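Beneath this line is the structure, given in C-alpha cells, with notes to follow.
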Amino acid sequence: INDLVKDLKKLGFDKVNNDYILSREYIELILQEYNYEFPRSIKDNLHTEEITSRNVYNEVKKIKPDHLKPRPPVVTIMGHIDHGKTTIIDYLRKSSIVQKESGGITQHIGAFQIETPKTKKLITFLDTPGHAAFLKMRERGANITDIIILVVSLEDSIMPQTLEAIKHIKASGNELIVAITKIDKITNPREREKLLEKIDNGLISHDIATEKIGGDIQVIPISAKTGENMDLLEESIISLSEIMDIKSENAPKSQTTGWVLESQVKKMVGNVATILIKNGTLSKGKVLLCGNTYCKVKNIFNEFGKQVSKATPSQAVLVLGWKEVPDAGEEIIEVKDEATAKRYISKRQNILEFEKNLLNVDKINEQNYAVNKLKKQKLLNSEKKDEDIIDISEKPTGPKDINFIIKADVSGSSEAVRDAISDIGNDEVKCNIISSSVGLPNDSDLKMAEVTNSKILCFNVGNLPNEILNNSKKIDIREYTVIYKLIEDVTEIITDELEPIY
Ligand code: GDP
C-alpha cells in the first residue's frame, strides 16, 4: 500500500493517503499499469478459501456414500396467520415421544421429534418456524428443512401469507405437502368438497402440481382439533421422505455438522446452544466450530432435559461447553481439535475483515462508475443535440466540501477522529472539518452546524440528551463508539455526494 501511495503521488495525485477514494476509471488505469485486473479475481479466490465452516468441512473430510444411512426428515410448517400452525404443532407435541417419556415436562429447544403411529418412524418438527434462526438460514438460502407443510384453512382458503410461503417453498427447493386445516368446522359434505376444490384450484393456479392434475404434491384435509387425518399427514411425510431418500452418516466417528437453532447464556451452566444435527453422531469431547467461536462438548441434553451421551442426525439437543455463545442460524462443523478450531477462527476473522474492506472499495467504485457513466451519457447527448441542452448545474471548480463538526470524549480522540477523516475524499468531494472539540454537542455547536450545513459526529461522548438528538434545527447528529464505523459512515456520506450532473 505504501508503494502504491508513493506511485500515486508520483502520478500527480494530491494529498494521497490510505483512505484516498479513487474513481473506478483511475483504478482500472492504475491496475493496468500494474498488470493487474480489478479485485473480482481476488474476491472469487477469497470465496473459495476457508471463510465459512462449510469450506473447512470440505477440506477436512468428504462423506463416503456407503456410510450413509436414512435419517428422520426435518419438517417445518408454514402458512397464513391463524390458519392453524400452532395448533398442529401442539397436537403433534402431545403425541410426541417427549410427552410420553417425560410425563409432560417439555423443553422448548426449537425442535421436537414424534414417532408415527403406524410405521413407527421418527419425524423432526421445527416448532417455531418464524424464529430468528430459521429466518436467517432462509435468507442465506441454507436448507435446514427437508419438507415444508403448507397449511391452508378450509374456511379462509389461500391468503397473502400463503402466497408468501409458496414463493419461499419454490425458491428453497424444499418438498411440499399441503395440509388443509379446520375441516371439522364445515360439516356439510357438499360444502366441504366445494371449499376443498376451491383451494386445490388456487394451488394449481400458483403452479403447485397437486395430485388432482396428476402432479405429486399431496393435499391432505385435516383437523388438528379433532385429530382427524393427522395420522395420514404424518405417514405421508414418511412416504415422501422415503422417496426423497434422506440420508446422512451416523457412525460414532462420522463428522458432526448441523445448525444452531437457539443459543443463550444460562446461569450456573454457561453458554448453551441448541443444535439440530445434520450429519454424524455428536458425543462428549468432540470439538465444534461455529462462526467465530467453538465448543468442546461438555454435556448434551435431549429435548426433555435428560443428559445423553450422544445425539444422532435430525435430533435437536442442548450442547454445553461453548467458549462464547454462537449465533442462532449459524452452521456448525466438527473439527479435529481445539487448536484447529482456533486456527480457523483467526483465519476466518482476517479474511472477513479483508473482504469487508474490499467490499467497501467495490461499493465506492460502483458509485463512481455510475456517475461517470451518466457524465459520459450527458456528454454524448450534448454532442448529438448541442442546441437543446441547457446546462443549469454548472459544476463549481474544486472539490465540493462536506462539512463536519467533531465532538469527542477527550481531546486525544477528537484529534484521532480529525486525523482519520480529514483526508477522505477525491477531486469531486471532500471532507471538511469545521471544528473539533470535547464534550456533548451544545447549543453553539448546533448553531454552527446550522450555519455551515454540517453533520455532527460524536465519538464516545456517552448518551445524548433527547433535546439535542431530536433538535428543532434538524441537525444530523451521529454517535459512534468505534472509529472504523465512523470512518465507514463518513466515507459513505462523501460517496453519496458524488452526484451525477444532469
Ligand atoms: P397459527 O397462527 O397459524 O399458528 O394458528 P393457530 O394454530 O393459533 O390457530 C388459530 C385459531 O384457529 C385458534 O383459535 C385455533 O384454535 C383454531 N384452529 C386451528 N386449527 C383448528 C382446527 O383444525 N379446527 C378448529 N375448529 N379450529 C382450529
Side-chain angles (χ1 to χ4, degrees), residues 73-96 98-99 104 106-114 116-117 123-138 144-170 172 174-200 202-203 206 208 210 217-237 261-262 303 316 328:
V74 178
V75 179
T76 194
I77 300 175
M78 296 182 83
H80 194 79
I81 188 160
D82 278 346
H83 279 201
K85 298 180 289 292
T86 315
T87 312
I88 295 176
I89 292 283
D90 288 347
Y91 179 93
L92 293 167
R93 202 187 264 288
K94 269 192 221 124
S95 67
S96 78
V98 179
Q99 192 77 7
T106 58
Q107 307 240 325
H108 263 271
I109 62 170
F112 64 96
Q113 280 190 329
I114 65 146
T116 55
I123 303 173
T124 301
F125 284 95
L126 295 188
D127 63 4
T128 40
H131 84 5
F134 182 75
L135 295 176
K136 192 169 160 193
M137 292 177 280
R138 222 164 87 171
I144 181 173
T145 46
D146 303 301
I147 297 168
I148 295 175
I149 307 292
L150 177 65
V151 173
V152 186
S153 146
L154 183 64
E155 293 176 305
D156 299 339
S157 199
I158 293 170
M159 299 285 275
Q161 285 162 21
T162 321
L163 297 178
E164 280 289 305
I166 291 175
K167 230 162 72 187
H168 163 69
I169 293 159
K170 282 182 185 160
S172 72
N174 278 119
E175 292 294 332
L176 165 68
I177 293 174
V178 180
I180 299 178
T181 50
K182 309 194 189 183
I183 55 167
D184 59 292
K185 283 191 145 181
I186 312 290
T187 43
N188 180 331
R190 220 178 300 143
E191 200 185 340
R192 209 191 247 198
E193 269 317 302
K194 224 172 81 191
L195 289 170
L196 284 172
E197 173 107 10
K198 181 181 162 197
I199 295 175
D200 215 325
L203 292 168
H206 287 98
I208 294 192
T210 62
I217 293 169
Q218 307 175 73
V219 179
I220 300 163
I222 59 160
S223 166
K225 203 153 208 169
T226 65
E228 190 180 347
N229 282 350
M230 284 300 285
D231 54 342
L232 197 64
L233 178 64
E234 293 169 39
E235 296 301 346
S236 53
I237 292 170
L261 292 181
E262 280 162 19
E303 47 196 310

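Just so it is clear, the structure is predicted and the values come from calculations on it, not from any experiment. Each ligand, and each atom within it, is numbered from 1 in the order the structure gives.
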Protein residue, atom and distance nearest to atom 10 (C) of ligand 1, heavy-atom basis = D82 O, 3.5 Å
From the list L154, I88, V152, side chain to side chain contact (heavy atoms under 4.5 Å, CB included) with T181 holds only for I88
Distance (rounded to the nearest 0.5 Å) between T76 OG1 and D127 CG | 9.0 Å
Going by distance alone, is a donor N or O of one side chain under 3.5 Å from an acceptor N or O of the other, for Q113 and T124?
-> yes
May I ask whether G79 places a heavy atom under 4.0 Å from ligand 1?
-> no
Apply salt bridge (Lys or Arg N to Asp or Glu O under 4.0 Å) to the pair R192 and E228, showing each step before the final yes or no.
-> CA-CA 14 Å; R192 209 191 247 198; E228 190 180 347; 3.7 Å; yes
Residue and atom name of the nearest protein heavy atom (relative to atom 5 (O) of ligand 1), distance in Å to one decimal | G84 N, 3.1 Å
Least distance between heavy atoms, K182 atom then S153 atom | CD-OG, 4.1 Å
Nearest neighbour in protein (non-hydrogen) for atom 23 (O) of ligand 1 = A224 N, 3.0 Å
CG-OG1 distance between D231 and T116, expressed to the nearest 0.5 angstrom | 10.0 Å
Any atoms of ligand 1 less than 4.0 Å from a non-hydrogen atom of I81? List them with their elements.
-> 2 (O)
Is atom 3 (O) of ligand 1 less than 4.0 angstrom from some protein heavy atom?
-> yes
Any protein heavy atom under 4.0 Å from atom 13 (C) of ligand 1?
-> no
Is there a donor-acceptor contact under 3.5 Å linking the side chains of D184 and T226?
-> no
Best match, I183, V151, I89, D184: closest heavy atom to atom 22 (C) of ligand 1 = D184
If you have a sec, work out which protein heavy atom is nearest atom 16 (O) of ligand 1 and how many Å separate them, to one decimal?
-> K225 NZ, 3.9 Å
Tell me, which protein residue and heavy-atom name are nearest atom 21 (C) of ligand 1, and how many Å apart are they?
-> K182 CG, 3.5 Å
For H80, atoms of ligand 1 separated by under 4.0 Å from a heavy atom = 3 (O)
Which protein heavy atom lies closest to atom 9 (O) of ligand 1, and at what distance to 0.1 Å?
-> T87 OG1, 3.5 Å
With S236, which of V219, I220, N229, I147 fulfils side chain to side chain contact (heavy atoms under 4.5 Å, CB included)?
-> I220
Once you round to the nearest 0.5 Å, how far does CG of L203 lie from CD1 of I166?
-> 5.5 Å
Below 4.0 angstrom from a heavy atom of K185, which ligand 1 atoms are there? Numbered from 1 as shown, please.
-> 26 (N)
